[in-house]
Amino acid sequence: MDTNAEAKFSFATLNLWRKAYLGLVMITYLPLGILVVLANFGEGSFPMAVFVGGGLIALPLWTYRAVCVRKLNQLWVLSALKLITGNPVGCLIMLSIGRVTKKEIEAVAV
């Protein structure tokens with residue numbers, strides 16, 4: 001892909017519902033991850049809290065990167081991950097985002 005096509009793929013070029021979804025993900029997961037770590041600070045379960053909290057912090061950042069840069073394979077992995085963890089609505093949302101992303105990539109490639 002050339003640099004002009006790469007410049008088109010950013011947060012600014014996302015449609016409204018994908019921006020809203022990313023905002024919702026950031027608002028819910030980031031504070032939750034930080035709270036998990038801070039709530040267990042100094043307790044015996046702190047290493048596990050860092051692991052779980054780190055995952056809760058990394059997931060929205062991974063989602064943000066995959067959606068904004070239009071990484072199709074990462075979107076499919078994220079949708080499978082959401083299905084495995086028992087979030088079928090999140091899985092359907094990620095599949096829908098992947099479908100739209102695939103159409104955008106095909107439109108740029110033509």
Side-chain angles (χ1 to χ4, degrees):
M1 200 175 343
D2 62 1
T3 56
N4 291 337
E6 288 177 2
K8 290 178 119 178
F9 293 147
S10 67
F11 183 79
T13 59
L14 290 174
N15 58 7
L16 181 64
W17 72 272
R18 284 190 284 181
K19 286 181 181 178
Y21 176 73
L22 285 176
L24 183 64
V25 166
M26 292 292 186
I27 288 171
T28 55
Y29 281 97
L30 286 178
L32 187 62
I34 292 168
L35 284 175
V36 165
V37 173
L38 292 179
N40 293 301
F41 191 74
E43 294 183 13
S45 61
F46 184 68
M48 186 60 156
V50 169
F51 179 73
V52 172
L56 288 172
I57 292 170
L59 184 64
L61 299 177
W62 181 17
T63 303
Y64 177 83
R65 177 82 174 146
V67 172
C68 286
V69 183
R70 302 345 188 251
K71 297 288 185 180
L72 199 54
N73 288 336
Q74 290 183 15
L75 290 171
W76 301 142
V77 170
L78 281 166
S79 64
L81 187 63
K82 289 188 181 293
L83 186 62
I84 291 169
T85 58
N87 186 0
V89 174
C91 176
L92 291 174
I93 291 171
M94 291 305 291
L95 288 173
S96 178
I97 290 172
R99 181 183 51 83
V100 172
T101 298
K102 186 175 179 181
K103 288 181 183 178
E104 284 180 342
I105 292 170
E106 289 171 352
V108 168
V110 171

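- The minimum heavy-atom distance linking Tyr64 with Leu22 is given by the pair CA-CD2, 3.7 Å.
- No donor-acceptor distance shorter than 3.5 angstrom exists from the side chain of Arg70 to the backbone of Gly98, with no hydrogens or angles considered.
- To the nearest 0.5 angstrom, Ile34 atom CD1 is 15.0 Å from Tyr29 atom OH.
- Across Leu75 and Val67, no two heavy atoms sit closer than the pair CD2-CG2, 3.7 Å.
- Under the 4.5 Å side-chain contact rule for hydrophobic residues, Ile84 and Val89 do not share a cluster.
- Annotation: side chain of Phe9 is not in contact with side chain of Thr101 (no heavy-atom distance under 4.5 Å).
- Across all non-hydrogen atoms, the minimal contact from Leu61 to Ile57 is CG-O, 3.4 Å.
- Hydrophobic clustering keeps Val69 apart from Ile93 (ILVMFWY residues linked when any side-chain heavy atoms are closer than 4.5 Å, directly or through intermediates).
- In this structure, the side chain of Thr63 engages the main chain of Leu59 through a donor-acceptor pair within 3.5 Å.
- Listed here is the closest heavy atom pair of Val36 and Gly53: CG1-N, 4.0 Å.
- Surrounding CZ of Phe11 are more than 12 heavy atoms belonging to other residues, nucleotides or ligands, all under 6.0 Å away.
- Here the closest heavy-atom approach between residue Cys91 and residue Leu83 is recorded as SG-CB, 3.8 Å.
- Hydrophobic clustering of Ile, Leu, Val, Met, Phe, Trp and Tyr side chains at less than 4.5 Å, counting indirect connections, unites Met26 with Leu14.
- In terms of heavy atoms, Ser79 sits closest to Leu95 at OG-CD2, 3.6 Å.
- Screening residues 10-37 for salt bridge (charged side-chain N to carboxylate O under 4.0 Å, His left out), with sequence neighbours left out, gives Arg18-Glu104.
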